[in-house]
Amino acid sequence: MTKKLIPFVLLFALNAFSQEKGAVTGGFESNSQWYTNDKGLDVTHPDNPLRSNNYLFVNYRYKNWLAGVQGEAYEKNALLNYNPKFDGANVATYFLQYKKNKVDITAGYFYEQFGSGLLFRSWEDRALGINNALRGGRFIYKPTSFLTFKAVHGQQRTGFDVSKGRIYGLDTEIVLSNLMKFQTTELTLGLSYVGRDEKTDIVDPNFNRLTNAYAGRLSFAHKSFYLTTEYDYKSKDAIVQVQGQVQNNFVKPGSALLLNMGYSKKGFGLDGTFRRLENMSFFSERDAKGNPYNDRIMNFVPSLTKQHHYNLANIYVYQAQPNVILTDETLVKAGEIGGQIDMFYNFKKGTPMGGKYGTKIAMNFSNWNALGGTFYLYNPQDYKTDFWGFGKKYFSDANIEITKRWSDKWLTGFSYINQYYNKKLIQETYGVIKTNIIAAEATYKFNAARSLRVQGEHMWADSDKRNWAASIVEYNFNTKMSLYVSDMYNYGNEDGMKNHYYSVGSSYRKNTTRLSLSYGRQRGGLVCVGGVCRYVPESSGISLSLNTTF
C-alpha cells in the first residue's frame, strides 16, 4: 500500500470503528487555480496551468486518547510560489495523544509555542504555505493549578520530510497570582529553553553545533491595566547573510526584547508595544535562513503594525527585520527597533459625536528603524549595536479609522493612512516610497441576511508604481451566498504598465461547507496573514476553493 492511500484507508477504518466506540472528526480543504496567459500583465501560464493544494485531516477520539492524520496532495503541482518540496501526494502529519488530569503526552507531529513565540513556535498556515510541525514527542505536566511544565523534542517538518537539525525545548509557567491567591491581580512568570542541534559540513567550525536559547517572561494585569514583557537570548552562532552560505568567521549572539502594556475599559482602550530584535532569525537548519517560503523557521516574528483590511494599504506592507545584512554602506542592518500604539474610543449614543447609534474611532501609529551602532563591512565583518540606538528608518504607518452607524440599515466607515516604506532596506532593492491613502465603505442591510457593501480607495505614492485606485462591490443574497466584483487600477504607473487587477467571484456556504469560485488577476507582491508574509507572482486565471468539516 502506498503512502498516498493511507489517509483514505484510515478515514474508512476510523468511520467504521467509530460506529461502536469513540468519535471521528475531520475536514477537507482544496485550493485550485487554472493559470491563463495574460498579455496585459506580460505573464504566461506555467507548463502545468492547473495546480491544486489539497488537505484531508481525520481525528479519532476515544476516552483519553486522540489520534490524527493529515494527507496532502499537490497535483500536478502546488500553487505558484509555494515551497517546491510540496510535491505530489503523501501522508503529511500524524499523531497520537493521551491526555488525563495532570498529564498530556503526544507522539508524532505536533504544534507548540513558548511565550510569544519569539524563541519557538510551530504552527500551520496553509495560505502562507507554512507547516513547521515537530515530529517527535511532547510532554506536558500540570501538578497544580499554578504550575505547568512542557518538554518537546523533534525534527521540523520540511515538505514531506523532516529537517536534519534536532530541536529540544523546555518551558515552565508559574501563575503566581494563583499561588499567592490574589483576588484582583493576575501575575504569571514563564521560563523557556530551546536548543537547536545541527552538524554542518564546515571543517573546524568557530561555533558550536548546539545553539542554546533562553527566555524569561512576565505577565501582569490589575483591573483595567495590563503589562507583559519577554526577553530572549540566543547563543553565538554563524551568521547567514545569503541563503545557503554559512559564514564560519562571522559568529554573533542574538536577542529580543518585547514589551506590551495597555489600559482598557468599556468604550476606551490604549495599547502600546515595543520590540527590539538583534540577529533573531532561528532555523532548524542554518542554511535555510533567507529562503522565500518560511521553510524550517523555528520562531514567530510577525510585523507589529496595523493589519489593514483595505487592499491599497497592503501594497507596501512591512515585514519584521530580524536578520543581519552587511552588504555595503547603504545596506547595513542587524535587526530592528520600534513599536506601535493603538487607541480606540466609542462616542456614546445620544452625544453630539455619537448621535443616535454611537460612533467609533480608532487610531494607530507604528514606527520601525534599523538598530543603531557601528558596522564593519570588511576584514572581518562585524558590528556593535547600541541597545537603545535607532538607525535608519524602515517603515512608519499613521492611520485613523472612523466607523459610524446612521440607522438600523446603514453603516459607514472612513480611513486615512499615511505610510513611509524604505524599499532599499526592507526588500534590499532600491528606493523610498511615501504614500497617502483614503478609503471609505458603506454597508446597507436590506434585512437580517441580505446586504450590499461598497468600498472605494485611493493611494497617492511619490515613487515606485505611484498612484492607485481601487473599489469593491459585494452583495450578500442571504446567509449562504454572496457575489463580489473588485478592481485595483495602477493608473499612475510611469513605466507604461497601467494595469487593472480585476476580480469577480462568488461563494456559497451550507452548514460547515464553503465553496468559492473567482476569476481575475493577482497583483504580484506580498500576501500576509497575522504579520507573516509570502511573495506571490503576478498571475491571471480561475480559482476554486472548497472547505468542509465533519
Side-chain angles (χ1 to χ4, degrees), residues 1-31 53-73 86 89-114 117 120-127 130-157 160-162 167 169-171 173 175 300 509-515 530 545-550:
M1 180 186 300
T2 66
K3 287 186 177 181
K4 296 181 181 181
L5 297 177
I6 290 177
F8 304 99
V9 173
L10 183 62
L11 173 61
F12 175 79
L14 291 180
N15 266 303
F17 186 69
S18 65
Q19 301 301 316
E20 301 295 331
K21 299 178 181 179
V24 173
T25 58
F28 176 72
E29 180 178 337
S30 178
N31 301 302
N53 296 5
N54 303 276
Y55 313 85
L56 171 67
F57 69 93
V58 184
N59 293 333
Y60 172 67
R61 183 180 297 278
Y62 177 69
K63 295 184 178 180
N64 298 316
W65 293 89
L66 178 64
V69 63
Q70 178 166 299
E72 298 176 7
F86 292 134
N90 214 324
V91 175
T93 61
Y94 49 82
F95 71 92
L96 178 64
Q97 181 181 23
Y98 175 80
K99 186 176 183 180
K100 184 178 181 180
N101 299 330
K102 301 176 182 180
V103 175
D104 184 345
I105 304 173
T106 303
Y109 288 88
F110 60 89
Y111 304 100
E112 187 54 77
Q113 176 172 322
F114 293 170
F120 171 68
R121 185 192 190 197
S122 58
W123 82 104
E124 179 184 29
D125 193 308
R126 295 168 185 171
I130 294 177
N131 190 325
N132 61 349
L134 280 190
R135 189 184 72 182
R138 178 184 63 182
F139 177 75
I140 302 175
Y141 180 53
K142 297 183 178 181
T144 69
S145 63
F146 59 83
L147 188 60
T148 301
F149 295 104
K150 294 180 182 179
V152 301
H153 169 253
Q155 294 166 278
Q156 269 191 321
R157 180 187 172 189
F160 287 117
D161 203 348
V162 291
I167 298 171
L170 296 171
D171 185 77
E173 190 163 273
V175 184
F300 178 61
R509 181 189 296 273
K510 184 175 182 180
N511 299 326
T512 60
T513 300
R514 183 179 184 274
L515 179 68
S545 294
L546 172 65
N547 197 317
T548 186
T549 58
F550 52 85

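Rounded to the nearest 0.5 angstrom, Asn90 CG and Gln70 CD are separated by 12.0 Å. How far CG of Leu170 is from NZ of Lys150: 12.0 Å, rounded to the nearest 0.5 Å. One finds the CZ atom of Phe149 at 13.0 Å from the CD1 atom of Ile140 (value rounded to the nearest 0.5 Å). Of the inter-residue distances, the one linking Leu546 atom CG with Glu29 atom CD reads 9.0 Å to the nearest 0.5 angstrom. The line from OG1 of Thr25 to CG of Asn59 is 4.5 Å long, rounded to the nearest 0.5 Å. In this structure, CZ on Phe120 lies 4.0 Å from CG on Leu134, to the nearest 0.5 angstrom.
Residues Lys21 and Tyr60 meet the side-chain proximity criterion, which asks for heavy atoms closer than 4.5 Å.
When atom types are taken as modelled, the side chain of Ser122 and the backbone of Glu112 share a donor-acceptor pair closer than 3.5 angstrom. Put simply, the side chain of Thr512 gets close to the backbone of Thr549: a donor and an acceptor are under 3.5 Å apart. Side chain of Arg135 to main chain of Asp161: no donor-acceptor pair is present (N/O by atom type, distance under 3.5 Å, no hydrogens or angles). Formation of a donor-acceptor pair under 3.5 Å by the Asn511 side chain with backbone atoms of Thr513 is not found in this model.
Counting heavy-atom neighbours within 6.0 Å of Arg126 CZ, excluding the residue itself, gives a total above 12.
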Under 3.5 Å, sequence neighbours excluded: what are the donor-acceptor pairs made by side chains of residues 93-103?
{"residue": "Gln97", "atom": "NE2", "partner": "Asp104", "partner atom": "OD1", "Å": "2.9"}
{"residue": "Gln97", "atom": "NE2", "partner": "Asp104", "partner atom": "OD2", "Å": "3.2"}
{"residue": "Lys102", "atom": "NZ", "partner": "Pro143", "partner atom": "O", "Å": "3.3"}

request  = Might you work through the side-chain contact (heavy atoms from CB on, under 4.5 Å) test for Gln113 and Trp123, ending with a clear yes or no?
outcome  = CA-CA 8 Å; Gln113 176 172 322; Trp123 82 104; over 6 Å; no
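Scanning both residues, Asn31 and Ser545, for their nearest heavy atoms gives OD1-OG, 3.1 Å. Residues Val152 and Phe114 come closest through the heavy atom pair CG2-CZ, 4.1 Å.
With sequence neighbours excluded, no residue forms a side-chain hydrogen bond (donor to acceptor under 3.5 Å, both in side chains) with Asn132.
Judged purely by distance below 3.5 Å, without hydrogens or angles, the side chains of Asn131 and Tyr111 pair a donor atom with an acceptor atom.
Note that Arg157 lies outside the cation-pi zone of Tyr109, set by a 6.0 Å cut-off to the ring centre and a 45° limit from the axis.
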